[in-house]
Amino acid sequence: MLINTSPFMRFDGYYALSDFLGMENLQPRSFLVGKWFLRERLFGFGFLPPEPLNRKKCLLMVAYAWSTWIYRFFLFLGIAALVYYFAFKILGIVLFLVEIIWFVLLPIVKEIKVWVSLREKMSLNRTSVMTLLFFLLALAALVLPWKSQISAPAVATFERHQTFYPSESSRVVSWQVTPNEKVKRGQLLILLESPDVEQQIRLTQIKLDALQTRWYRASSGAVELDSVFTLQTQLSREQSRLQSLLERREKLAIKAPYDGYIGEWLPLTEGDYVNGQSPLATLYDDESLVVKAYIEGRIVPLLKEGSKVDFIGNDGEILSEQLLIDKVLPTAIKSLNYPGLGSTYGGAIATQKLEDQLIPEEATYEVQLKLIGEVPLMQQQFGKVNLAIEPHSLLIDGLRRIYGVFIRESGF
């Protein structure tokens, strides 16, 4: 219905608009007026319009013609992409080229030929001079190597960091977690208690006590030898069970495995209940800060190693300490380890989720940055960095992109 009612293709919507405006042959007449208007705005020929028009009618026809051209441009590009991806490789390439050459490039070439045929009637006037200046500026912007910096998504994180999870559903007995607090190795941070584990420990201890009493009696010869072996087996089994339960209790006492700072945390208090999937707090080793940026493969050869870099967090804060480009990993990453950078979770890197992993859609390389000075962060932070690169032009950049697409799609 949307296609049929669109006035930009010659279906019902087009004829309804033509009747509403009272203009027969709306499209071919508008195209002629649109081309005339374009030539006048580019070169200032001073030609009369293809037909007598008042200002309002002229602007209406030009707006319709230009809108139709823009609509058809993107429509034909979309069709070209569809036939390329949905047909098998060879047929897709042929149909893609036919669509682009016949419906997109050929009309443009025909119009440029008209400009060439009118070159004798061109003169230096205000309009043509402005067009020439705009063309030269656009050419300079494309050709001159003025682009010497790029922005790349980055994360400031810690090589040694740990998120504490409860080993099972439990209740908070002691909560000694304070954000941005310096903690020592072995310091008790969170003490949890599982009522189920405590009950099983009590029941197991009672059963062990009863078995121990029967064992003492058996040792005095009050029972048969077969019963002694049975008691020994039961004692061994219950002791193992008790040891397992005590180990489960011990895991509920969360201690700092190394010196560091508390980062993210849950605002819990004594008596709160948590489940096994609740991240309670995160501990960071403040001496293992590292900043990682992620760039496209085409940028790798342009990167200036050793140049200074600024890290800007998503909150707008700039890292006060200077960073240097340390190294670029030689191979593209297979998966993104920081979900906050992936487009799946609102980040800047285009990713797809596959079996709980974020896979970059394009070849992405990790750039490791070295910090100069003291550590200014106490928790992981996402942001971006501005990287210095060898000056290059937009034209070269575009050609590299086209070449990369050609290489990527050339596999049969």
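Just so it is clear, the model here is predicted, and its values are computed rather than measured. Each residue takes its place number in the sequence, starting with 1.
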For the NZ atom on Lys292, are there more than 12 heavy atoms of other groups (residues, nucleotides or ligands in this structure) within a distance under 6.0 Å?
yes
Crowded around Phe134 CZ? As in, over 12 foreign heavy atoms under 6.0 Å?
no
Quick one: CZ on Phe11 to CD1 on Ile3, what's the gap to the nearest 0.5 Å?
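Spacing of CZ (Phe11) from CD1 (Ile3) equals 7.5 Å.
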Look up atom CG in Asp12 and atom OG in Ser6, then write down how far apart they are to the nearest 0.5 Å.
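Between atom CG of Asp12 and atom OG of Ser6 there are 11.5 Å.
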Taking only Lys NZ, Arg NE, NH1 and NH2, and the carboxylate oxygens of Asp or Glu, determine whether Arg39 and Glu111 approach each other closer than 4.0 Å.
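Result for this pair is yes, salt bridge flagged.
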What I want to find out is whether Glu193 reaches Arg249 closely enough, with some N-O distance under 4.0 Å, to be called a salt bridge.
no
Donor-acceptor pair, distance only, cut-off 3.5 Å: does the side chain of Tyr14 make one with the backbone of Leu26?
yes
Examine distances only and state if a side-chain atom of Thr68 and a backbone atom of Tyr64 form a donor-acceptor pair shorter than 3.5 Å.
yes
On the six-membered ring of Phe74, is Arg72 placed so that its NZ or CZ lies under 6.0 angstrom from the centre and within 45° of the ring axis?
no
If the test is side-chain contact (heavy atoms from CB on, under 4.5 Å), which one of Gln205, Gln199, Gln200 qualifies with Arg202?
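When Gln205, Gln199, Gln200 are each tested with Arg202, the side-chain contact (heavy atoms from CB on, under 4.5 Å) holds only for Gln199.
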Please check if the distance between the ring centroids of Trp102 and Phe76 is under 6.0 Å.
no
Please examine the side chains of Tyr345 and Leu358, heavy atoms only from C-beta on, and report whether any two atoms are closer than 4.5 Å.
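In contact.
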Apply ring-ring contact (aromatic ring centres under 6.0 Å, His included) to residues Phe31 and Trp69 and explain how you reach the verdict.
CA-CA 9 Å; Phe31 285 0; Trp69 295 340; 5.8 Å; yes
